[in-house]
Each structure stands twice: as structure tokens, then as C-alpha cells.
Amino acid sequence: MSRRGDLDVIVVGAGASGGALALALARDGFSVAIVEAREPVPWRETDDVDLRVVALAPDARDLLADLDVWTSIESARASPYRRMRVWDALAPGELAFDAAERGESALGWIVENKLIQHTLWQALHRPASNGGTLRMCCPATIADISEDDDAVAAALDDGTRLRARVLVAAEGAESSVRQKLRIGFDGRDYGQRAVVAHVASERAHENTAWQRFMPGGPVAFLPLADGRSSIVWSLPDEEAARMLALDDAAFCAELGAASDFRLGTIKATTKRAAFPLRLRLRLAERYVAGRCALMGDAAHVVHPLAGQGMNLGLRDVACLRRVLRDARERGSDLGAAHVLRRYERERRSENTLAARGLDAIERIYGSSSTPLAALRGAALAVAGRFSPLRHVLADLAAGRF
Ligand SMILES: Cc1cc2nc3c(=O)[nH]c(=O)nc-3n(C[C@H](O)[C@H](O)[C@H](O)COP(=O)(O)OP(=O)(O)OC[C@H]3O[C@@H](n4cnc5c(N)ncnc54)[C@H](O)[C@@H]3O)c2cc1C
């Protein structure tokens, strides 16, 4: 039975996906609780640029702008990239995208994950408008979930009990809710690690994102506002370990060679870190179980080569927000199977296409086979010269699937 005091939605996890969803729904007038295991590390202007950065696509920026957090993020520290150059170590041909060609100011923005999460977290503490409410439960995790006909009940580890029409798991790749619901999370292990660092270069980055496909994995240089570049270099595990162990001069020499010295010689400005890509292709077999739904990395994890993970998660947010608003307008139960299935149908197909597409690119460009190298060289050359195809690829690069 539906009870007084029941919430509309419980969101588990306050990363970019969960934080944006909880904020959006509270602003749309829903009653929401957010359950987060640990308070996010605060972002401070005086700290150096954090090593975890993402390339945000224009539609992800639009969502953050709609939630009134983009202005704070942009004025704090965000770096637009206006061009993108992609080329291959083993074959000729090059792709170049330019925002100006498309009449846009930027293809995307390089932003620290920590800044996005911190800004959303602060906004979650401001009173909701439109009659919405937001209850923060932090630090807390979900100990148990049960359902009856009208609601899903969540028992938190601190003894709090919450009931709502819908529970959304946005707790990242290791989602405990997904495991409790026994939803499979299958995929492929890349046996790679992404080595990240911020570097200075002899030549200016020209607000361009540079990416070169190498046999072991792609290396990307993402332009930072202070003139440095943030590098993401996907490497086989042993190679990554070797790169981490090198001294700065030897590492920069390897990085310069890997980037064809397009930016000239490279100078280290930070320590290096590595993120395992063990889980870089994982797809939940379902996004919905009863009144529970998965989103963001809890539902799909993709290879970082095109920088799409967070962008896909924010597209999940936009979709579920629209689906729940429509359900409320029609007077439907927010957690009804037909409502949540609509979200699942829309998002699962797009996310699967993106994940499989990125996986295929990683396989083709990560191979050193001679016939494949010839084929991909021809593909880059054709795509580079054929303007409509280049526009399609620019859309893909900017996350518009
Ligand atoms: C090297 C690298 C580069 C990348 N580059 C890009 C890029 O350029 N562009 C892009 O779009 N994406 C990129 N990504 C992917 C992107 O970082 C992720 O897709 C995104 O951060 C996922 O956000 P999320 O909110 O779904 O999950 P998370 O960021 O993992 O957030 C999960 C939240 O849930 C909380 N939590 C965890 N467990 C529990 C629990 N049991 N109970 C309660 N709370 C819990 C966590 O504390 C956290 O706050 C990159 C990833 C890597 C590894």
C-alpha cells in the first residue's frame, strides 16, 4: 500500500549521473532521497588540476546548464576544445574536426570529474524549488532492498528506512544494488591501464584534442586552460607499469615519440597515475528490475578512447528525467513496468551501440596486423576527404550518436 511520506525516487550514488539526476528531479518537483557512501572530496581553485578529467559533449553541458551548475563549473575551470585531430601510427590518413566548420564555439569541454561532482554536491544542498524535496543520506549505503505492489523499500546501513516509487542505482561500475538485484554485468577485459598525467609541450595545443592510435592502445592529449595538456594513454598492463616506473625525462621522451612530436618535446608537470581498464567494456543485461533502474557506469562501462562514459551517463539522466515527468503528467505510477521499460528501451540500445562501436574501434586500431592497418589507413583517408562522413564522425566524436 502506498503510504504518506513515501518518496518519489531514491537515487543511490552522487557521482555525475546520480548527482545530476537527483538535482534534476528535485527541481522538477519530485520528492527525492540521495544515498551516497562518502562525501565527495571538495574541489579547490588553489589545487592543481586534478588528474581525472573528462571531455564533456555539448549535450552534457546543456544538461548541466539547465540544472544551473554549468556557469559555476565553467567559471571555476573548464577548457573548451575547438578542434580534434585523429591519426594512426601504422597507416597514413588523418581526421580533423573543427567546431567553426559546424558553426559552433566548441566541440566539447575538458573538466575535472572532481569539479563536476563537487558543484553538483553543493547544488544538492540548496533548497529545491517547484515543491520538490531532497533528502541527503551520507555517508550511507543500501543494506537491503524489498518491494511490494506500490513501492520499493530500502534499508540503509545506518538503520534509516526509505520507501519510494522508484530506486535508481547510479553507484558506478561496482554497483551493489545491481549485484543485489542479480543483474549480470558482462563484457570484455582489455588487460590495459590508462596512464594519465598533465604535461607541458614545446608547441601550443591550439585548443585541439589530439589522438593517435598506437598498436598497444590510443594516446590522447586533451587541452587544458592553462596551456598544458592532460594525457590519457591506454597501454597493455605491463607497458603501463613500465611507463609508470620511468623517470620524467624517459617518460616524456616516450610520450613525445608516441605523439609523433606533434606538440614538440614534452615536459612532465605532475606525477603519473594509472586507471585499470579491466572493466572498460561492461554492459548490464537489463537496466530495470521491478521498481529499480540502473544508470551511468552502474549500467555500462565503455573504453575511454572517445571519452564517452560520463556523456552517456548524463544522457541516461536526461532520458529518465523526461520519462518520469511524462509519467507524472499522465498520472501513471512512476515505477510501473511500462514507464521504466521505456527508459530501458531508449538508453540500452544507444549505450550498447556506443560500447560495441568503441570496442570495435579499439580492436581494429589496437591491432598491428598489416591488412587491417592498410584498411584503416584507407578508411581514415576517405573519411578525411569526404565531408559528409567527416561530419558524421565529428558527431560521434562529440558524443552525438
Ligand atoms: C581514464 C579515464 C578517462 C575517462 N575519460 C572520460 C571522458 O573524457 N569523457 C567521459 O564522458 N567519460 C570519461 N570517462 C568515464 C567517466 O569518468 C565515467 O563514466 C563517469 O565518471 C561515471 O560516472 P557515474 O556517476 O556513473 O559513476 P561514478 O563516478 O563511479 O560515481 C558513483 C558514485 O556512487 C558512490 N557509491 C559507490 N558505491 C556506493 C554504494 N554502495 N552506496 C552509495 N554510494 C556509492 C561513489 O562514492 C560515487 O560518488 C573516463 C574514465 C577513465 C577511467
Side-chain angles (χ1 to χ4, degrees), residues 10-22 33-41 50-57 59-61 79 81 84 107-114 116-118 120-121 124 136-143 145 154 156-158 167-180 190 192-197 209 211 217-220 222 230-235 240 272-280 282 284 294-317 351 354-355 358 397-399:
I10 300 167
V11 180
V12 190
S17 318
L21 180 74
I34 187 156
V35 180
E36 166 58 50
R38 60 199 75 84
E39 191 157 325
V41 181
D50 194 61
L51 289 181
R52 280 289 305 262
V53 299
V54 290
L56 274 187
D59 65 330
R61 188 276 315 259
S79 169
Y81 62 99
M84 193 177 224
L107 292 172
W109 289 262
I110 310 298
V111 189
E112 292 150 83
N113 287 32
K114 196 169 140 179
I116 297 170
Q117 193 178 11
H118 167 83
L120 286 167
W121 185 251
L124 288 168
M136 307 282 291
C137 305
C138 178
T141 56
I142 304 281
I145 302 173
L156 308 194
D157 60 348
D158 62 5
L167 181 145
V168 181
E171 327 147 86
E174 308 289 346
S175 168
S176 69
V177 171
R178 188 190 62 234
Q179 288 160 27
K180 284 187 186 16
Y190 285 104
Q192 287 182 337
R193 275 192 262 171
V195 175
V196 299
Q211 176 148 300
V219 57
L222 307 173
S230 178
I231 62 126
V232 183
W233 192 357
S234 305
L235 288 161
R272 280 154 256 156
F275 295 96
L277 300 185
R278 243 180 330 108
L279 291 176
R280 283 307 107 182
R282 283 285 185 276
L294 308 178
M295 72 160 37
D297 274 19
H300 45 79
V301 180
V302 301
H303 196 286
L305 75 87
Q308 289 308 324
M310 188 179 289
N311 291 316
L312 294 175
L314 291 174
R315 253 170 254 155
D316 295 347
V317 171
N351 291 329
L358 295 175

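In each ligand, atom 1 is the first atom listed, and ligand 1 is the first ligand listed.
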- Item | Polar proximity ligand 1 side, Met310 side, N/O cut 3.5 Å exclusive | yes
- Item | 4.5 Å side-chain heavy-atom contact, Glu39 and Cys138 | yes
- Message: If we set the cut-off at 4.0 Å for heavy atoms, which region of Ala14 has an atom near ligand 1: side chain, backbone, both, or neither?
- Response: backbone
- Query: Less than 4.5 Å apart, any side-chain heavy atom of Ile116 and any of Leu56?
  - Reply: yes
- Message: I'd like to check Leu156 versus Cys137 (side-chain heavy atoms, cut-off strictly below 4.5 Å). Are they in contact?
- Response: yes
- Message: Going by the closest heavy atom to atom 42 (N) of ligand 1, which one wins out of Thr141, Asn311, Val301?
- Response: Thr141
- Minimum heavy-atom separation for Ile34 to Gly13, with atom names? CD1-O, 3.8 Å
- Sub-4.0 Å atoms of ligand 1 with respect to non-hydrogen atoms of Arg38: 46 (C), 47 (O)
- Message: For Asn113, which part has a heavy atom under 4.0 Å from ligand 1: side chain, backbone, both, or neither?
- Response: side chain
- Message: Quick check: do Leu222 and Val232 have side-chain heavy atoms less than 4.5 Å from each other?
- Response: yes
- dist Lys180:NZ -> Ile145:CD1 (nearest 0.5 Å) comes out at 6.5 Å
- Item | Sidechain-backbone polar pair: Asn311 side chain, Asp59 backbone, donor-acceptor under 3.5 Å | no
- Query: Does Glu174 have a heavy atom less than 4.0 Å from any atom of ligand 1?
  - Reply: no
- Would you mind running through ligand 1 and noting each atom that sits below 4.0 Å from a heavy atom of Val35? 43 (C), 44 (N)
- Can you tell which part of Ala170 has a heavy atom less than 4.0 Å from ligand 1: side chain, backbone, both or neither? backbone
- Note on the structure: Logged contact type for Ala140 with ligand 1, heavy-atom cut-off 4.0 Å, is backbone
- Note on the structure: Counting from 1 in the order shown, the ligand 1 atoms closer than 4.0 Å to a non-hydrogen atom of Gln117 are 49 (O)
- Message: Out of all atoms in ligand 1, which are within 4.0 Å of some heavy atom of Ser176? Include the element for each.
- Response: 41 (N)
- Of the listed options Ala60, Ser17, Gly172, Pro139, closest to atom 27 (O) of ligand 1 (non-hydrogen atoms): Gly172
- Query: Near Ala194, which atoms of ligand 1 are under 4.0 Å from a heavy atom of that residue?
  - Reply: 1 (C)
- Message: The test is side chain to side chain contact (heavy atoms under 4.5 Å, CB included); show your working for Arg315 and Leu312 and say whether it passes.
- Response: CA-CA 5 Å; Arg315 253 170 254 155; Leu312 294 175; 3.8 Å; yes
- Message: Could you report the tightest heavy-atom contact between Ala240 and Val195, atom names first, then the distance?
- Response: CB-CG2, 3.9 Å
- Message: With nothing but distance in play, are any N or O atoms of Gly309 less than 3.5 Å from an N or O of ligand 1?
- Response: yes
- Is Ala298 in polar range of ligand 1, meaning some N or O pair under 3.5 Å apart? no
- Looking only at heavy atoms, is any part of Met295 under 4.0 Å from ligand 1, and if so is it the side chain, the backbone, or both, or is it neither? neither
- Query: Would you say Glu171's side chain and Ala298's backbone share a donor-acceptor pair under 3.5 angstrom?
  - Reply: no
- Message: So Val196 and Phe275, do their side chains get closer than 4.5 Å, heavy atoms only?
- Response: yes
- Nearest-option assignment for atom 29 (O) of ligand 1, heavy atoms, candidates Gly296, Cys137, Gly15: Gly15
